[in-house]
Engineer: 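Right, I'll just put the structure down here and ask away after.
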There are 2 protein chains.
Amino acid sequence: MKPNPDLLFKALADPTRRALFERLCLDGEATVGALTAGAGVSQPAVSKHLAILKQAGLVQGRGEGRQTHYSAQQGALAPLIDWTGRMNRFWEARFDDLEDLLKRMDQ
Amino acid sequence: MKPNPDLLFKALADPTRRALFERLCLDGEATVGALTAGAGVSQPAVSKHLAILKQAGLVQGRGEGRQTHYSAQQGALAPLIDWTGRMNRFWEARFDDLEDLLKRMDQ
DNA sequence: TTAATTCATAGCCAAAGAGTTATAAATGAT
DNA sequence: ATCATTTATAACTCTTTGGCTATGAATTAA
């Protein structure tokens with residue numbers, strides 16, 4: 001239920017998968033057929049990619065008749081945003097230290 | 001020189017590699033030997049991972065005598081932060097539309 | 001000079017991954 | 001009831017990847 005960063009990174013590492021997710025983010029809901037039209041791969045390939053994205057918590061599928069409408073899952077990127085933020089923050093912390101050092105040296 | 005998101009995602013998709021990068025972010029510079037001690041894999045494996053991280057622009061190596069000091073590259077995560085931000089923003093846009101719709105329905 | 005240390009590269013292997021075609025399962029249309 | 005459509009799964013192939021050992025290249029120590 002709670003998607004760890006590992007699944008997210010792995011899921012988004014593949015360009016085809018990332019393109020699918022981007023499309024769902026930008027254009028909203030879409031059926032497998034519509035997604036297959038845009039992607040450069042076969043329908044089974046798209047279905048497999050969607051399954052992986054779903055497993056990672058990035059998308060959800062809503063069955064309606066014989067077709068499945070997929071959409072991006074809100075908040076799914078939060079762990080990624082957290083992680084990148086943390087890494088950046090620590091770098092800035094060291095940068096602040098350097099600034100402090102330079103300031104002290106300046107006096 | 002400008003690291004595209006694909007290289008970044010691919011580089012950070014591997015847990016060992018992500019752990020190396022995290023360590024460099026949190027603890028600053030470290031030699032290959034020191035990094036190998038922490039990682040659960042052989043020294044050649046660490047070297048290969050570092051090469052990939054370097055290729056992605058995530059780290060840099062400073063040769064000093066027979067050892068190489070690696071450190072996290074500042075700003076390297078910017079494309080990732082951009083991308084996640086964009087994806088999130090579009091979702092929020094749709095959310096705002098929904099709010100507008102609900103507000104209009106309310107009247 | 002010789003020996004030891006540190007890192008990178010080469011070469012190999014097993015596992016994972018992304019793609020395909022074929023087909024099953026479910027639904028909708030005739 | 002039959003046929004068509006839509007999606008998911010199965011079975012397979014091929015490539016990529018992450019790991020290892022062995023070794024080379026460069027530097028430092030004895």
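Letters A, B, ... are given to chains in the order of the sequence lines, protein chains preceding strands, and every chain is numbered from 1. What's counted below: heavy atoms across the whole structure, side chains too, no hydrogens, waters or symmetry copies.
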Engineer: Report the distance from atom CD of B:Q43 to atom C1' of D:dG18, rounded to the nearest whole Å.
Structural biologist: 15 Å
Engineer: Measure from the side-chain heavy atoms of B:V41 and tell me the nearest of D:dC20, C:dC7, D:dA8.
Structural biologist: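 Side chain of B:V41 sits closest to D:dC20.
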Engineer: Give the rounded distance in Å between these two atoms: CD of B:Q67 and C1' of D:dA25.
Structural biologist: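 From B:Q67 CD to D:dA25 C1': 16 Å.
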Engineer: For a quick check of understanding: with a heavy-atom distance under 4.0 Å over all strands, which category does B:S47 fall into, base, sugar-phosphate or nothing?
Structural biologist: base
Engineer: Within this structure, what is the NZ-to-P distance between B:K48 and D:dT16, rounded to whole angstrom?
Structural biologist: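 After rounding, the reported distance stands at 14 Å.
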Engineer: Rounded to the Å, how far apart are B:D14 CG and C:dA15 C1'?
Structural biologist: 13 Å
Engineer: Counting only side-chain heavy atoms from C-beta out, which of C:dG17, D:dG19, D:dG18 sits nearest to B:T16?
Structural biologist: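 Selected nucleotide (nearest to the side chain): D:dG19.
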Engineer: Remember a base hit wins even if backbone is also touched, and classify B:S42 as base, sugar-phosphate or nothing at under 4.0 Å, heavy atoms.
Structural biologist: base
Engineer: Tell me whether A:D6 is salt-bridged to B:R18, with the criterion being a basic N under 4.0 Å from an acidic carboxylate O.
Structural biologist: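 Answer for the salt bridge query: yes.
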Engineer: Return yes if the base of C:dT5 and the side-chain atoms of B:R66 contain a donor-acceptor N/O pair under 3.5 Å, otherwise no.
Structural biologist: yes
Engineer: Choose from C:dT20, D:dA8, D:dG19 the nucleotide whose nearest atom is closest to any side-chain atom of A:Y70.
Structural biologist: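 The answer is D:dA8, which lies nearest to the side chain.
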Engineer: Is there a donor-acceptor pair under 3.5 Å between the side chain of A:R62 and the backbone N or O of A:H69?
Structural biologist: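 Flag not set: sc A:R62 to bb A:H69 has no pair under 3.5 Å.
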Engineer: Expressed as a whole number of angstroms, how long is the span from B:Q55:CD to D:dG18:C1'?
Structural biologist: 17 Å
Engineer: Measure the distance from NZ on A:K54 to C1' on D:dA8 and round it to the nearest whole Å.
Structural biologist: 11 Å
Engineer: Just by distance, with hydrogens left out, do B:E64 and B:T68 show a side-chain donor and acceptor under 3.5 Å apart?
Structural biologist: no
Engineer: Please figure out whether B:E64 or A:V32 has its closest DNA chain D nucleotide nearer the 5' end.
Structural biologist: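 Going by which nucleotide is closer to the 5' end, it is A:V32.
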Engineer: Nearest to the A:A45 side chain among D:dG18, C:dC7, C:dT20, which nucleotide is it?
Structural biologist: C:dT20
Engineer: Starting from C1' on C:dT27, measure out to NE2 on A:H69 and report it in whole angstrom.
Structural biologist: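 It works out to 13 Å between those atoms.
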Engineer: Would you give the length of the straight line joining atom CH2 of B:W83 to atom CG of B:L77, rounded to the nearest 0.5 angstrom?
Structural biologist: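 The CG atom of B:L77 is 14.0 Å from CH2 of B:W83, to the nearest 0.5 Å.
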Engineer: Is the backbone N or O of B:A11 less than 3.5 Å from a side-chain atom of B:R17, with the two atoms forming a donor-acceptor pair by type?
Structural biologist: yes
Engineer: Check the distance between D:dA8's C1' and A:R62's CZ and give it to me in whole angstrom.
Structural biologist: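 One finds 18 Å between C1' of D:dA8 and CZ of A:R62, rounded.
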Engineer: OP1 or OP2 of D:dT6 versus the side-chain N and O atoms of A:T31: is any pair under 4.0 Å?
Structural biologist: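 Indeed not, no polar side-chain atom of A:T31 lies that close.
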Engineer: For D:dT17, does either OP1 or OP2 sit under 4.0 Å from a side-chain N or O belonging to B:H49?
Structural biologist: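 Checking B:H49 against D:dT17: no side-chain N or O falls below 4.0 Å of OP1 or OP2.
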Engineer: Taking only the side-chain nitrogens and oxygens of A:T36, find out if one of them lies under 4.0 Å from OP1 or OP2 of D:dT7.
Structural biologist: no
